[in-house]
Amino acid sequence: MSPKSALKAKSEPTLPVASSRPTLLLAWYDRHRRRLPWRAAPGEASDPYRVWLSEIMLQQTTVKAVGPYFEKFVARWPDVSALGRASLDNVLRMWAGLGYYSRARNLYACAVAVTREHGGIFPDTEEGLRALPGIGPYTAAAIAAIAFDRRTMPVDGNIERVVSRLFAVEEELPQAKPVIQQLAATLLADSRAGDEKSRAGDSAQALMDLGASICTPKKPACSLCPLNEDCVAGAQGTPETFPRKAPKKSGTLRRGAAFVVTRGDELLVRSRPERGLLGGMTEVPGSDWLAGQEDSTAKQQAPELKGLPHWQRKVGVVTHVFTHFPLELVVYTAKAAARTRAPAGMRWVPIATLADEALPNVMRKVIAHALG
DNA sequence: GACTCGTGGTG
DNA sequence: TCACCAAGAGT
């Protein structure tokens, strides 16, 4: 303990330690923490592999959506070396439906790197973690704190919201990120000398649990909040107006056509380019997806399929909303003769095994619309 | 710093 | 309904 803090402690002997925000936060967490599949039991060491896997899956994705995927992954690949020995195709198939598919590619690349370059052991520092594929500033800090008890504060959307309310940060996001990062770090409990744990991971997860269950985007339950007493936005009665941010523009509608061609009990599919939207995932052939495109224009774009007779347009359209644009697809179906060969770059797959394909949800919608 | 990148839930 | 949001990263 430094002379300065010793002096402070002596001059303010009546200030109860338990009233500090970090302490209140941890006390609340010990009572109300969520039980999640990737969390170690209280007092037990957490598995860096499970922490890493969950953090990647949880990027921009809800706890509820991640649950089944996490269980599937750890059942099939119980450690990072097992995942590193898998194939990218199998990883993409297991990831299908969870979204943001570049995460799956980076997940696999990271597992290979840890297996081959780090002997199957994750780096235990923020810097070392940050150098791995798919691990950015947030995830590096989260793993360092949760898995290795490094005294650092990861800042995600939850923590941005909690902190911006607690201190009534008027600056808009994303400009406010550095300020929020600094303020968030003040919520870490002090490191004690010797064998005392910093509990940085618990502090971070406490803020996330708080953001998920009490300090919610809309209608926060301030009366249940352990930090209610010194929340500036709460005192102002305006917690919902934080964090400040500029309104985002919605994307322009794009249209396209999709062609569902069957050959008996098989379906014609192809793989999308490795980079870009739905990179590397399976799709049925179709037109480009363009703003202002007419359905009749979209239908022209299938030169490889021109030979097929009896095209039938399904009534209605399939709609899907991506992060930055909504999409409308018209669906055409055709039946190919028994021994029709797949055009270059395409292949026939049994309809019965479509569930095992790396099919993004928008394609599942298209196929269901066509065949259902 | 501004875009790109999925999907499902919410009020 | 629809805008917003969710344990963000890569370019």
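Lettering of chains follows the sequences in order, A, B, ..., and the numbering in each one begins at 1.
Every residue was checked against the side-chain hydrogen bond (donor to acceptor under 3.5 Å, both in side chains) condition with A:Ser287, not counting sequence neighbours, and none meets it. Applying the side chain to side chain contact (heavy atoms under 4.5 Å, CB included) rule to A:Gln236 yields the partners A:Ala168, A:Val232, A:Thr238, A:Phe242; only residues at least two apart in sequence or on another chain are considered.
Between the P atom of C:dG8 and the CG atom of A:Leu173 lies a distance of 13 Å, rounded to the nearest Å. Protein atom CZ of A:Arg103 is 15 Å distant from nucleotide atom P of C:dA6, rounded to whole Å. One interatomic measurement links the two molecules: CZ of A:Phe325 to P of C:dC2, which rounds to 18 Å at whole-angstrom precision. When the C1' atom of B:dT4 is taken as reference, atom CG of A:Leu327 falls 16 Å away, rounded to whole Å. Atom CD of A:Glu172 is separated from atom P of B:dG1 by 13 Å (rounded to the nearest Å). Atom pair A:Lys177:NZ and B:dA2:P shows a separation of 13 Å (rounding to whole Å applied). Look at OH on A:Tyr69: it is 10 Å from C1' on B:dG6, rounded to the nearest Å. Taking atom CZ of residue A:Phe322 and atom P of nucleotide C:dA3, one finds them 17 Å apart after rounding to whole Å.
With hydrogens and angles left out, the side-chain atoms of A:Thr353 and A:Asp356 include no donor and acceptor closer than 3.5 Å.
Side-chain contact between A:Ile135 and A:Ile143: present, with at least one pair of heavy atoms (C-beta onward) separated by less than 4.5 Å. Looking at A:Leu183 and A:Leu166, their side chains never come closer than 4.5 Å, going by heavy atoms from C-beta outward. The shortest side-chain heavy-atom distance between A:Trp95 and A:Tyr100 does not fall under the 4.5 Å cut-off.
Ion pairing of A:Arg199 with A:Asp202 is present here, as a side-chain N (NZ or NE/NH1/NH2) and a carboxylate O approach within less than 4.0 Å. A salt bridge does not link A:Glu172 to A:Arg244: none of the charged nitrogens lies less than 4.0 Å from a carboxylate oxygen. Under the 4.0 Å criterion applied to side-chain N and carboxylate O atoms, A:Arg33 and A:Asp209 are not assigned as salt-bridge partners. Under 4.0 Å is where a charged nitrogen must lie from a carboxylate oxygen, and between A:Arg254 and A:Asp288 no such pair does. Checked for salt-bridge contact, A:Glu127 and A:Arg130 miss the test: no charged N lies under 4.0 Å from a carboxylate O. A salt bridge between A:Glu160 and A:Lys177 is present, with a side-chain N of the basic residue lying under 4.0 Å from a carboxylate O of the acidic one.
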Pairs: protein N or O with nucleotides 9-11 of chain C N or O, under 3.5 Å:
residue, atom, partner, partner atom, Å
C:dA9, OP1, A:Gly136, N, 3.0
C:dA9, OP1, A:Gly136, O, 3.4
C:dA9, OP1, A:Thr139, N, 2.9
C:dA9, OP1, A:Thr139, OG1, 2.7
C:dA9, OP2, A:Tyr138, N, 3.3
C:dG10, OP1, A:Gly134, N, 2.5

Check: protein-nucleotides 9-11 of chain B nitrogen or oxygen pairs below 3.5 Å:
none

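In this structure, the ring of A:Trp77 has its center no less than 6.0 angstrom from the ring center of A:Tyr49.
Heavy atoms of A:Leu36 sit under 4.0 angstrom from at least one base atom. Using a 4.0 Å heavy-atom criterion, one finds that A:Arg105 contacts no nucleic acid atom at all. Within 4.0 Å (heavy atoms only), A:Val66 reaches no atom of the nucleic acid at all. A:Trp95 comes within 4.0 angstrom of no nucleic acid atom, judged by non-hydrogen atoms across all strands.
Among the candidates A:Phe122, A:Phe70, A:Trp38, the single residue satisfying the ring-ring contact (aromatic ring centres under 6.0 Å, His included) test with A:Trp52 is A:Phe122. None of A:Arg272, A:Arg364, A:Arg347 except one satisfies the salt bridge (charged side-chain N to carboxylate O under 4.0 Å, His left out) rule with A:Glu283; the exception is A:Arg272.
Listed pair A:His324 / B:dC5 meets the phosphate criterion, a side-chain N or O lying under 4.0 Å from OP1 or OP2. Contact annotation: A:Gln60 side-chain N/O to C:dA6 OP1/OP2 distance is not under 4.0 Å. OP1 or OP2 of B:dG6 has not a single side-chain nitrogen or oxygen of A:His320 nearer than 4.0 Å.
Residue A:Thr61 places no side-chain atom within donor-acceptor reach of the base of C:dG8, judged by atom type and a 3.5 Å distance cut-off alone.
Picking from B:dG8, C:dA7, B:dC5 the nucleotide with the shortest atom distance to the side chain of A:Tyr100 gives B:dC5.
For the contact set between residues 276-287 of chain A and DNA chain B, defined by any heavy atom under 4.0 Å, the members are A:Gly276, A:Leu277, A:Leu278. Of the residues in residues 158-168 of chain A, not one comes within less than 4.0 Å of DNA chain B through any heavy atom.
Mapping A:Val321 and A:Gln175 onto DNA chain B via the closest heavy atom, the residue that lands nearer the 5' end is A:Gln175. Nearer to the 5' terminus of DNA chain B, by closest-nucleotide assignment, is the contact made by A:Pro174 (compared with the other of A:Pro174 and A:Leu98).
B:dC5 and C:dA7: their P atoms are spaced 23 Å apart (whole Å). Of the P atoms belonging to C:dT1 and B:dG6, the separation is 24 Å, rounded to the nearest Å.
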